[in-house]
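First comes the structure, then the notes that go with it.
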Protein chains: 2
Amino acid sequence: MRTPDFPTGLKRTEATMAAIKELIISQHLRPGDPLPTESSLCDQVGVSRSSVREAIRKLEALRIVSVEHGRGTFVGSLSMEPLVQTLAFRAILHAEGDFSALRDVIEVRRYLDLGCAEQVLSSLAGTEQPELQACVERMREHARAGEPFPDEDIAFHLGLMAPTPNEVIKQLIHSLWMVHQAVVPELGLEITPHLEETAEAHQAILDAALAGDVEAYRQAVSAHYEPLEAIVQDRL
Amino acid sequence: MRTPDFPTGLKRTEATMAAIKELIISQHLRPGDPLPTESSLCDQVGVSRSSVREAIRKLEALRIVSVEHGRGTFVGSLSMEPLVQTLAFRAILHAEGDFSALRDVIEVRRYLDLGCAEQVLSSLAGTEQPELQACVERMREHARAGEPFPDEDIAFHLGLMAPTPNEVIKQLIHSLWMVHQAVVPELGLEITPHLEETAEAHQAILDAALAGDVEAYRQAVSAHYEPLEAIVQDRL
């Protein structure tokens with residue numbers, strides 16, 4: 001006399017995920033802290049072992065928990081890596097028709113950099129920033145050698161944000177950069193076209209930031225994205 | 001003589017997730033299209049049923065696939081809902097010490113609105129926008145009645161972006177707004193403090209957009225977030 005429990009099953013997984021999240025909060029756990037054992041979770045949440053397992057798998061995909069096989073389950077990093085996976089997949093899937101989904105990601109990178117202009121300038125104007133200067137110098141060396149410089153690129157963009165305590169904006173900038181980096185070669189495009197021009201674009205951004213010139217900063221940011229946006233516009 | 005396959009198990013799930021994503025791409029599937037059956041996936045990917053199930057659950061959490069019990073598995077919405085879950089959870093988890101994680105989310109909302117300033121003005125300057133005007137009028141009516149107006153609020157912010165074809169920025173704005181809305185009451189804070197001031201802040205944003213005055217627009221955006229940022233600053 002069992003009736004199929006499919007619709008209930010879906011709700012039960014979501015309810016179990018919510019219960020595990022509440023348990024993490026109420027027990028004041030922090031990223032890296034161990035969760036109760038699976039059987040203890042079953043008792044505390046009042047559901048079957050298979051429901052707990054399914055909920056844990058989904059929470060793992062969301063980086064809310066981290067399963068280390070043989071060691072146990074821990075509170076996860078709560079990072080934005082799930083966003084990277086979903087956006088990168090979307091950009092690749094859409095790329096059959098055109099590159100609009102990748103173009104959207106690059107545009108959002110530009111919007112974020114523009115939106116942070118005043119925040120960046122309030123912390124960098126009038127300072128020296130030898131590390132960022134050295135980073136641009138390394139970009140120039142790579143450019144002269146005809147090599148792309150993704151490591152310097154992300155180090156530069158995160159370096160501009162280093163003084164802000166806002167972890168969400170830093171992770172978002174990093175995540176969208178990762179989507180960009182992952183998708184461009186997948187679509188057979190060049191990651192860093194116009195190497196020397198791109199190195200100098202970073203110098204212009206840095207110069208404007210150190211000078212505290214917000215208008216020049218916004219212009220330099222937009223100019224920096226022009227070659228990157230051009231490679232996806234060309235194909236539309 | 002079986003050795004424990006735990007570390008391999010983790011890699012196998014990730015490899016299976018990647019294989020299913022590749023299959024979606026190579027078969028030119030689109031959101032809403034059905035995936036092959038579970039047994040067909042096992043054959044095509046060359047892994048066990050349990051590996052396929054675990055991979056499907058994780059892809060479901062990422063909205064890359066959607067499982068409809070009794071109907072089958074489909075390509076998912078590829079929405080940013082996973083980001084909302086992770087960020088909302090992080091903001092609530094951190095809130096025991098202070099509200100910095102929520103403050104970060106509100107700040108990123110402001111950065112996005114500021115970063116889109118030129119994009120918004122390029123499409124709205126010199127136009128009429130009767131729907132956005134009516135939206136602000138409804139905010140005023142709610143404010144006079146002492147009621148918050150979340151529906152009008154998100155309709156307004158998405159309405160400003162309506163002319164842009166960029167789905168990523170629209171979803172990001174919507175997602176961060178949802179995190180904000182979900183977390184604020186959870187922390188026992190008021191969603192919309194200073195109702196009348198907030199309604200007028202939206203009018204100022206709209207006026208500046210229609211006038212094409214980018215500096216006034218940026219100031220109106222920042223002023224709009226002041227009461228929202230104040231409620232999380234007070235508690236630090």
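Just the heavy atoms: all of them, side chains too, but no hydrogens, waters or symmetry mates, feed the values below. Every chain is numbered from 1, with letters handed out A, B, ... down the list of sequences.
- Only the side chain of A:L83 has a heavy atom closer than 4.5 Å to any heavy atom of chain B.
- Residue B:V168 forms a side-chain contact (heavy atoms from CB on, under 4.5 Å) with just one option from A:V179, A:L102, A:D104, and that option is A:D104.
- Using a 4.5 Å cut-off between heavy atoms, A:R63 does not touch chain B at all.
- Interface remark: A:E68 contributes no atoms to any contact with chain B (heavy atom separation under 4.5 Å).
- Atom OG in A:S222 sits 6.5 Å away from atom CD in B:E118 (nearest 0.5 Å).
- Closest non-hydrogen pair, B:I24 versus A:L93, comes out as CG2-CD1, 3.9 Å.
- In this structure the side chain of B:E60 never reaches within 4.5 angstrom of the side chain of A:R57, judged on heavy atoms.
- Between B:A61 and A:K58, the shortest heavy-atom distance links the atoms CB-O, 3.6 Å.
- Contact annotation for A:R218: only side-chain heavy atoms (C-beta onward) come within less than 4.5 Å of a heavy atom of chain B.
- For the set A:T86, A:T164, A:L114, A:L176, the entry with the most heavy-atom pairs within less than 4.5 Å of chain B is A:T86.
- Contact of A:S79 with chain B is made through the backbone alone, with heavy-atom distances under 4.5 Å.
- No other option in B:L87, B:V105, B:V75 has as many heavy-atom pairs under 4.5 Å with chain A as B:L87.
- Only the side chain of A:L172 comes within less than 4.5 Å of a heavy atom in chain B; its backbone stays farther off.
- B:R53 places none of its side-chain heavy atoms less than 4.5 Å from the side chain of A:E54.
- For the pair A:F89 and B:L62, the minimum side-chain heavy-atom distance is 4.5 Å or more.
- Most heavy-atom pairs under 4.5 Å with chain B: of the set A:I169, A:L78, A:N166, A:L59, this distinction falls to A:N166.
- Note on B:M17, B:R110, B:Q119: by heavy-atom pairs under 4.5 Å with chain A, the leading option is B:Q119.
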A:R90 vs B:Q171, side chain to side chain contact (heavy atoms under 4.5 Å, CB included): CA-CA, chis, key distance, verdict: CA-CA 13 Å; A:R90 179 153 74 173; B:Q171 284 199 26; 3.0 Å; yes
